[in-house]
Structures are given as C-alpha cells and as structure tokens.
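Everything below concerns the one structure shown next.
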Amino acid sequence: MAREEHDRELWERLRQGDAETFGAFYRQHAARLQAFLRRYLGDAKAAEDVAQEAFLQLWRRPNGFNPAGATLRAYLFGIAAKRAADWWRHRAREERSAASWQVGLRSEAPTLMEDALARLEPQPRSLLWLREVEGYSCAELAAMLDIPPGTVKSRLFTAREQLRRIWSGGRP
Amino acid sequence: MNCEEVQPFVSALHDGESVSREVAEHIRNCPACRARLEDYARMGVELRLLASNAEEEAPTRLPHLPPLSRLWGRSLTARVLVPRFALGAGLFAILGLSVGLGWMHAQVAGLWFQFNVTSPDRMGSWGNQVQAGYRGKPAVITRVHVSGEPKEILAAIVDVDEVQYQLVRLSIRTRRFEVAPAAGPEGRPTQESVEVRPTFEEMERQMLASTTPHKYEYIPGQVLEIPVEGGGKLLLTGRVLDRRARFWAEDYPLEPKPNQIVLAEPALVRDKELLIKGVGSASAQGEGSYAAIFVPNEGLFGFLLKPIEGAVEAEAEYGQARFKIGEHDYVLFSATPITGGQQPRGIWVYRDPTYKPGPIGTIGSGSDFLKVIKGAEK
C-alpha cells in the first residue's frame with residue numbers, strides 16, 4: 001500500500017476514535033519519538049511528558065493532519081518538536097541560567113559526538129537529529145516545523161557548523 | 001567563489017540537493033570545503049551510531065485516551081477541567097469529532113458540501129455548508145482599505161448544482177466592484193463594515209443581470225482558483241460530508257502567531273450560561289488586530305491584542321480566555337488557540353452593549369477596533 005494511502009487509512013481510523021489503531025501507532029513510534037525528545041530536552045521525564053502530550057494531541061485533534069502533505073509520523077514529530085520548543089521557552093523563562101552549558105563552543109580537544117551534541121543549543125540539536133537520524137528531508141522539516149525550506153537549510157548549515165566546531169575541538 | 005560563499009552549499013550538497021557547476025567545481029578543488037563535506041558526512045554517521053547505540057527504551061505508558069464523544073459534556077459541566085493540552089481542541093473535540101464518523105458509508109443523497117472562499121492574500125474569507133441545489137446569495141471578500149488603494153470588493157455568488165464524494169459541480173458568478181465608503185472616507189470601510197456603495201443588494205442585482213455563471217467541476221480537497229470578472233481571483237476549498245458538520249478546522253491557524261488573534265467557532269459562557277456558540281470564524285494578524293463576536297441582547301465583544309480604553313484584561317490560554325466584566329465571569333472558548341506565543345497571555349476584551357451588527361453577521365475581525373465602535377455610535 002502506498003505510504004499516502006496507508007497514512008490516510010490510519011488517519012481515518014484515528015479520526016473515528018479507533019483506540020486499537022492508536023495503540024499500535026503509539027507502540028510503533030513512541031520509543032523513537034522519546035529518543036528524539038530526550039536528545040532535544042536533555043531530560044528524560046520531560047521527554048516522556050512531551051511525547052505523551054504529542055500523542056494525545058494527535059488523538060484529540062487528528063484533523064490537523066493533512067494526508068496529502070507529510071506522513072502521520074512526521075506530523076507527530078512536528079507536534080512534539082513544537083511542544084518541546086515550548087518546553088524550552090517555559091524553562092528558559094523560569095531558569096535563565098539553564099543555558100549556561102551552551103557556552104564554550106571552542107574547546108581545546110576534540111569531543112565525543114555525544115558530548116558535542118549535548119553542548120549544542122536545543123534547537124539546532126533537534127534539527128540535526130531530525131535530519132540525520134530520523135532522515136526527514138528539508139521539505140518535510142519545513143512542513144513539520146512551519147518554517148520555510150530556505151530557513152531549514154540555513155539552520156541546518158548553522159547547526160552543522162556549530163557541531164563541527166565543538167566536535168573537532170575548534171578546528172576550522 | 002570563495003570558501004565562505006560556498007559553505008552553505010556544502011551543507012545543501014550533504015543533504016542531497018543539487019548545486020551549481022561553479023560550486024561543485026570549487027568543492028572539488030578546495031581541500032577545506034572537501035574536508036567540511038567529509039566532516040558533515042562523518043557527523044551524520046556518528047549521530048546515527050549514537051542513536052543506534054542508545055538503549056532504546058520500551059514505550060512508556062500508553063496515554064490514557066479520553067473518550068472523545070464525552071468531552072463536550074465534561075468540559076461544559078466542569079469548565080476548568082479542560083486539560084491544558086486539550087488547548088483549543090476542547091470545542092473542536094466537542095463539536096466536531098462527530099463529523100468524521102462513518103461518513104464513508106453514507107448515502108450520496110444527503111451529502112453536504114462545506115466550502116470556504118478566500119482571496120489569495122487572505123484579506124477575508126467566508127464559507128458555508130450546503131447541499132446540492134443551494135442557490136447562493138452574493139458573498140463578498142472585502143478589499144476595502146481605509147486609506148489608500150485598492151478600494152474594492154470581490155464578490156461571488158456560488159450555486160451548488162451537484163454534490164458527490166469525489167466531485168462537486170458549481171456555478172459561480174464573480175465580479176469585482178470598486179467601492180466607496182458610504183459614510184465618507186473615514187467611515188467604516190473595513191471588513192466588518194457594510195456601509196459601502198454599491199450596496200449588497202445592488203451588487204446582487206448587477207451580478208444576476210450582467211454576469212455569466214461559470215461552471216466548475218470541483219474535486220474536494222483541491223484549491224479551485226476562480227478568476228473574478230473585472231480583475232483578481234478567489235480561491236475556493238471545500239470538502240464533502242455525509243452530515244452537516246458542526247465545525248471546520250482546516251481554515252483556522254492551529255498554531256496562531258503571537259500577533260494573530262483567532263476565533264474559531266467561538267462559544268461565550270457567562271457565569272454558567274452559554275451565551276452563544278459556534279458562530280463561524282474570524283482571524284486577524286498584526287499588532288492592532290482584533291476579532292469580535294456579536295451576542296444578541298448583550299452587544300459586541302471585541303477581543304484585542306492591545307488594550308484600548310475601557311477594555312478589561314483576559315487571560316488567554318490556548319483555546320480559552322477568561323475575563324470578568326462587572327460582576328460576571330466570562331469564558332470564551334475557541335476551537336483553536338486564540339493567539340500564539342507564550343501561554344497563558346493577556347489579551348483585552350471590550351464590550352459594547354449598544355453595538356448593532358450589519359448584515360454580515362455576528363463575527364468579524366480586522367485591524368482597527370476603535371473604528372468599529374465609532375461606526376456603531378453613528
């Protein structure tokens with residue numbers, strides 16, 4: 001079955017409140033979504049909460065999805081990314097010093113990728129993860145995040161440059 | 001080209017985009033740019049390794065799924081219990097989720113066509129849900145600016161001849177009108193105003209007399225571009241349902257911007273009394289934007305992003321806004337978030353008990369609320 005057709009059928013079932021279909025969709029994608037959110041948020045509990053909220057939003061408001069556009073999975077990731085961005089905004093307001101670990105883009109020695117990634121700011125970190133790990137194209141990312149494709153590309157470039165500097169220990 | 005100019009294209013190339021011959025040539029011959037491309041590739045590999053090495057945690061608890069059909073009753077009887085993540089979806093879930101149920105199995109006879117017409121710059125929109133045989137009255141997309149050009153109205157009369165799941169046959173008359181505010185240049189010629197010449201009745205007469213209805217075969221879900229006689233175009237979107245829908249979400253911004261205000265199928269509750277519900281939708285964008293609903297016997301309630309004299313502050317949180325006027329507690333529900341940005345946030349509410357609506361109806365939006373009120377005082 002073509003992807004679009006499959007997603008449309010899935011979506012129709014969700015719209016009809018088919019909890020079994022929703023459960024299967026959840027089991028299929030929850031772990032990957034949480035893995036993404038753990039990287040984005042750096043907080044396992046928050047990642048779980050945001051993932052739950054994203055799934056619930058899909059359950060409650062399935063009509064936000066356009067089967068002719070992105071995949072249902074991409075739509076879910078898009079919801080989660082926006083909620084995670086809200087979470088960061090909220091947290092930044094509460095705790096202005098939370099971003100202190102973002103300093104030090106140039107270190108003396110090369111850094112392991114895991115550390116390098118953690119030192120990247122949340123937004124570029126999530127964007128790179130969605131692109132490199134989840135494999136979403138620039139067009140899909142643009143649709144998911146409601147930003148123009150050109151912005152996705154320029155943000156990806158900036159994110160790569162930042163990560164590269166940290167990862168390679170400041171090597172130009 | 002130098003390396004600095006080429007760098008963004010290295011990223012694009014890594015993403016599989018094509019680059020110009022000149023850029024490709026540079027990358028091929030430049031060790032620094034080649035190194036950058038190789039680093040990007042290694043970074044991608046490292047990230048994927050990281051993901052695959054990470055312990056994949058088993059899915060945590062499946063969220064408790066609220067029974068959708070019961071949401072309405074629950075939120076009406078316990079208004080404060082609409083959970084935060086239900087956001088604007090509260091009303092949507094309540095009013096709308098019955099829409100999709102079983103519509104694939106319906107008989108063709110009773111099909112409804114739900115459509116929306118807007119101008120490409122989205123200066124205004126209107127919609128309706130009708131059945132085959134519907135003969136439209138003129139509906140207008142106002143393009144009337146208070147100052148400066150253009151001062152025009154794009155009017156359309158949509159007749160729905162036949163409704164099938166995959167095809168809707170329409171006859172549409174269109175006409176562009178130059179209009180002048182009836183009350184002078186500082187009148188109320190914005191979207192909520194109808195005091196223009198020609199009047200709607202005159203427009204209708206002229207259109208029925210002198211425009212030819214054009215036949216369209218519309219495929220639900222597509223965007224139909226309708227050229228307007230006299231210049232301009234309108235865009236029609238629609239869908240076919242087996243029952244009359246209570247709600248149509250697709251046209252509302254589900255994630256409004258911070259400078260946007262949206263009322264989507266709004267309901268207004270005063271204390272425990274439901275004053276009005278589901279009257280359409282209106283949205284406006286810009287610092288001075290407002291959306292307003294008219295409640296018979298109560299007057300006009302304008303919801304504004306910026307305060308004006310006499311307005312009270314409301315706390316808007318996604319699809320709800322709470323405010324107090326006099327002794328009364330009000331809650332405005334909207335099917336989608338009322339505005340964007342950090343939630344909750346303050347918006348302002350102005351009630352004009354003396355306002356009399358024009359024939360356009362009970363919901364409107366625009367960028368200058370003071371003009372609406374002033375217009376009503378005339």
Gap between atom CG of A:D86 and atom CD of B:Q343 - 0.5 Å precision:
8.0 Å
Lys/Arg-Asp/Glu bridge criterion (N-O < 4.0 Å) met for A:K153, B:D15:
no
Nearest heavy atoms of A:W167 and B:D39, plus distance in Å:
CZ3-O, 4.0 Å
My understanding is that only residues two or more places apart in sequence, or in another chain, count here; which of them pass salt bridge (charged side-chain N to carboxylate O under 4.0 Å, His left out) with B:E217?
B:R169
State the CZ-OG distance between A:R164 and B:S11, to the nearest 0.5 angstrom.
11.5 Å
What pairs with A:F157 under ring-ring contact (aromatic ring centres under 6.0 Å, His included), at least two apart in sequence or on another chain?
none
Spatial distance of atom CZ (A:R39) from atom CG (B:L47) [nearest 0.5 Å]:
8.5 Å
For B:P337 against A:R61, the heavy-atom pair lying closest together
CD-NH1, 4.2 Å
Can you sort out the partners of A:H29 under ring-ring contact (aromatic ring centres under 6.0 Å, His included), two or more places apart, ordered by chain and number?
A:F25
Take atom CD in B:E5; do more than 12 heavy atoms of anything else shown fall under 6.0 Å from it?
yes
Side chains of A:R160 and B:R36, heavy atoms from C-beta outward: is any pair under 4.5 Å?
no
Under 4.5 Å, heavy atom to heavy atom: which of residues 132-144 of chain A reach chain B? Give them by number, or say none.
A:E132, A:V133, A:C138
B:H14, B:E46, B:M43: which one forms the most heavy-atom pairs within less than 4.5 Å of chain A?
B:M43
Does A:D146 come within less than 4.0 Å of B:K257, counting only side-chain N to carboxylate O?
no
